[in-house]
Amino acid sequence: MSTSEVYTEPKGKIQFDDNSLLPALFGNHDEHLLQIEQLLDVRLRYRGNNLEILGPTTSCEIADKAIVSLYTRLKNDLEVGSGEVMAAVRIASGQDNTAGNLQLRTRKRTIMPRSPNQADYIRALEKYDLVFGLGPAGTGKTYLAVAVAVTYLLQGKIDRIILSRPAVEAGERLGYLPGDLQDKIDPYLRPLYDALHDMLPGDQVIRRMGSGEIEVAPLAFMRGRTLDHAFVILDEAQNTSVMQMKMFLTRLGEKSRMVITGDMSQIDLPAGTRSGLGDALQVLDGVAGIGMVNFTEKDVVRHSLVMRIVRAYDSRDNRRS
């Protein structure tokens, strides 16, 4: 915590009814409590089943909400780690009292939003047939979309999941990669496979892909198809051309949902080629029935050390400029 001010009088107090959950709540060597102290500039001290919160009033209120939400997770047999602690603080800081109720239950884990924008994104995915998720990498745009898709498939709301990416990255060409067509394509689609395996047992992923319930394919494979009763996700959409984007958008069929994710600051198209994502955002501006969520760096969910590394590089770049 900050040493700029010493707090002696508690501004809040929490009494827990199940002491057996406190080791998991507090973390090894109280690491979760220390994390909350550092994030909110508060002091936390406990004795028995009582936890006192000392610090500025607003920070204490946020800490109270975050700790209670983490304790509730444990009572519901859900895990609590440093990522969940960060998420609880972000959600509590955003004054969103309903975000903690958003849960996506897959076969392998229960996924919850880790920031107010992530909560808004999940709500948009459940409300609109077409959703754009925009912002930097690491904000959960694609991961949460896959989580909602898997949940819908398990609940029988859709018949299949279709995950797609344009095969354009950092100026590379598929033809220069070794192997057959599938070998050339797989590296570009690996993040989508990873998300699936994070939510479903490996044998289920293989079985469902074999039956056609789950399809992972390059964007070019979408041409000429009508996608009914499906949850369709286009990742890295900033690397589509205008014609590719139009082609993809017009694939939407009956009782289907479509999600388009991308980061306009990471375009790998040849110089002079207009991004289909940027073009679509202009053309579809104001069209009813479309959800749009913009993520920022504050929504990036990474190891705390990575965040400090990013800040260090940003600080260096700012000094140079």
Side-chain angles (χ1 to χ4, degrees), residues 1-2 11-12 14 24-27 30-44 51 53-76 78-105 109-127 131 133-148 195 198 261 263 291-312 314:
M1 71 172 272
S2 169
K11 297 288 184 65
I14 305 174
L25 178 64
F26 296 166
D30 297 338
E31 62 180 349
H32 297 161
L33 298 185
L34 292 172
Q35 185 178 1
I36 294 173
E37 288 183 338
Q38 293 169 356
L39 290 170
L40 296 174
D41 192 19
V42 297
R43 285 182 56 203
L44 302 173
L51 177 70
I53 308 173
L54 301 88
T57 301
T58 299
S59 296
C60 288
E61 291 173 350
I62 295 172
D64 184 290
K65 291 181 181 179
I67 293 168
V68 169
S69 70
L70 292 170
Y71 182 67
T72 301
R73 280 184 63 87
L74 291 170
K75 295 189 75 170
N76 291 329
L78 299 175
E79 65 180 14
V80 167
S82 61
E84 284 71 33
V85 173
M86 175 69 78
V89 171
R90 284 177 170 176
I91 295 295
S93 300
Q95 304 300 312
D96 187 342
N97 295 324
T98 64
N101 298 326
L102 295 174
Q103 297 184 2
L104 303 173
R105 296 185 180 275
R109 62 180 58 201
T110 298
I111 298 164
M112 300 174 67
R114 294 191 171 189
S115 73
N117 275 339
Q118 286 196 353
D120 290 341
Y121 187 51
I122 292 175
R123 294 190 187 100
L125 293 171
E126 294 176 341
K127 179 179 180 181
V131 176
L134 310 170
T139 52
K141 306 183 300 295
T142 303
Y143 189 84
L144 290 176
V146 173
V148 173
D198 209 28
T261 69
D263 178 2
M292 191 174 300
V293 178
N294 289 282
F295 294 91
T296 70
E297 289 78 6
K298 294 181 180 179
D299 298 300
V300 174
V301 181
R302 290 175 177 164
H303 191 286
S304 58
L305 178 58
V306 175
M307 296 304 297
R308 292 196 293 272
I309 292 171
V310 171
R311 292 192 190 103
D314 288 344

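This one's a predicted model, so the numbers in the text were calculated from it and none came from an experiment.
Here the closest non-hydrogen pair linking A66 and A92 is N-CB, 4.0 Å. Of all heavy-atom pairs between D41 and P56, the closest is O-CD, 3.6 Å. Counting all heavy atoms, side chain and backbone alike, L74 lies closest to L78 at CD2-O, 3.6 Å. Heavy-atom minimum distance, R73 versus M112: NH1-SD, 2.6 Å. What you find for A119 and P113 is that their closest heavy atoms are N-CB, 3.5 Å. Scanning both residues, L144 and L125, for their nearest heavy atoms gives O-CD1, 4.1 Å.
Here the side chains of I14 and Y71 are not in contact, with every heavy-atom distance at 4.5 Å or above. Taking 4.5 Å as the limit, every side-chain heavy atom of N117 sits out of range of all side-chain heavy atoms of T139.
Atom-to-atom distance recorded for S59:OG and L54:CG is 12.0 Å, nearest 0.5 angstrom. Within the model, atoms CG of L70 and CD of E79 stand 12.0 Å from one another, a figure rounded to the nearest 0.5 Å. One distance of note links CG of L104 with OH of Y143; it measures 10.0 Å at 0.5 Å rounding. In this structure, CG on N294 lies 11.0 Å from CG on D120, to the nearest 0.5 angstrom.
E31 contributes no side-chain N or O that, together with a main-chain N or O of G27, makes up a donor-acceptor pair within less than 3.5 Å. Using a distance-only test at 3.5 Å, with no hydrogens or angles considered, a donor-acceptor pair links the side chain of K141 to the main chain of P136. Between the side chain of E126 and the main chain of R123, no donor-acceptor pair closer than 3.5 Å is present. Side-chain atoms of Q35 come within 3.5 Å of backbone atoms of S82 as a donor-acceptor pair (strictly under, hydrogens ignored). A donor-acceptor contact shorter than 3.5 Å links the side chain of E37 to the backbone of L44.
Under the rule for a salt bridge (Lys or Arg N to Asp or Glu O under 4.0 Å), E61 has no partner lying at least two apart in sequence or in another chain. Every residue meeting the ring pair (Phe, Tyr, Trp, His ring centres under 6.0 Å) condition with F26, not counting sequence neighbours, appears here in chain and number order: Y46. In this structure, the salt bridge (Lys or Arg N to Asp or Glu O under 4.0 Å) partners of D198, at least two apart in sequence or on a different chain, are R109.
A side-chain contact (heavy atoms from CB on, under 4.5 Å) with I67 holds for exactly one of L25, V89, I62; it is L25.
Using modelled atom types and a 3.5 Å distance limit, the side chains of D299 and S115 yield a donor-acceptor pair.
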